[in-house]
Amino acid sequence: MNSTLLPAAPPGPGSEAVSIAAERRWAYIVMAIIVLLILMMVFTGLHWASMPPSRVETVDIKTLHVKGEFVESNLGTTMGPDGKVMVRLIAQQYSFVPQCIVVPAGMPVTFRGTATDAIHGFIVGRTNVNTMLIPGFVATFTTTFSRAGEHLMPCHEYCGTGHEAMWARVQVLPTAEFLSKARGGERLSCVPS
Ligand SMILES: [Cu+2]
């Protein structure tokens, strides 16, 4: 007789225990997934709270170069009467203005930048300076450079055929040297003249 035609064996005494064990295994897996998702939400929430994205601030790209904060004569590094160091820059295809940026070591430095034509961005060496520059919006970023030295500042958002040649330099001066140069209140630059 063909054995496949036999009716299925009736549930034995062990089958209920097997199904309960399988159910319990699935319950543990699902609980682990839920706990993982909750941990991800907690981590993301804390991370955003500790490093919030900068507020949204707009600027008119049509008048950017003729009036307001981002006219060419206002770009570069300044130290205000309150001692706050501010760097203003613009990105355009395919360069940054200014091409060389002077900043102090050991003091908070605030970058304010925008783009005139396409989306650009920049990072500075191995520091945490990393932001996008979007036409019509002002990007603001405050950081402190720990050591004096020179960094490269490449554009890191693909912006066109000349993208790979788009970069500037950042010169981090010792605090005392920066303060002696910035005392006059005028703009600082390390662009070779
Ligand atoms: Cu670029």
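Keep in mind that the numbers below use all heavy atoms, side chains included, and drop hydrogens, waters and symmetry copies. Index from 1, following the sequence. Ligands are counted one by one from 1 in listed order, and the atoms in each one are counted from 1 as well.
Remark: side-chain polar atoms of H120 are not paired, donor with acceptor, to backbone N or O of E157 under 3.5 angstrom. Of the possible polar contacts, none joining the E150 side chain to the R169 backbone as a donor-acceptor pair under 3.5 Å is found.
A distance of 9.5 Å separates OG1 of T114 from CZ of R112, quoted to the nearest 0.5 Å.
The Cu ion (ligand 1) does not have H120 among its coordinating residues (no N/O/S atom, backbone or side chain, under 2.8 Å). For the Cu ion (ligand 1), the N/O/S atoms of H156 include none lying under 2.8 Å.
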> Under the side-chain contact (heavy atoms from CB on, under 4.5 Å) criterion, do M166 and F96 qualify, and how do the steps go?
Replying inline: CA-CA 7 Å; M166 180 171 171; F96 292 99; 3.9 Å; yes
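Residue-level check: among N/O/S atoms of E157, O sits closest to the Cu ion (ligand 1).
Angle subtended at the Cu ion (ligand 1) by H163 ND1 and C159 SG: 110°, rounded to 10 degrees.
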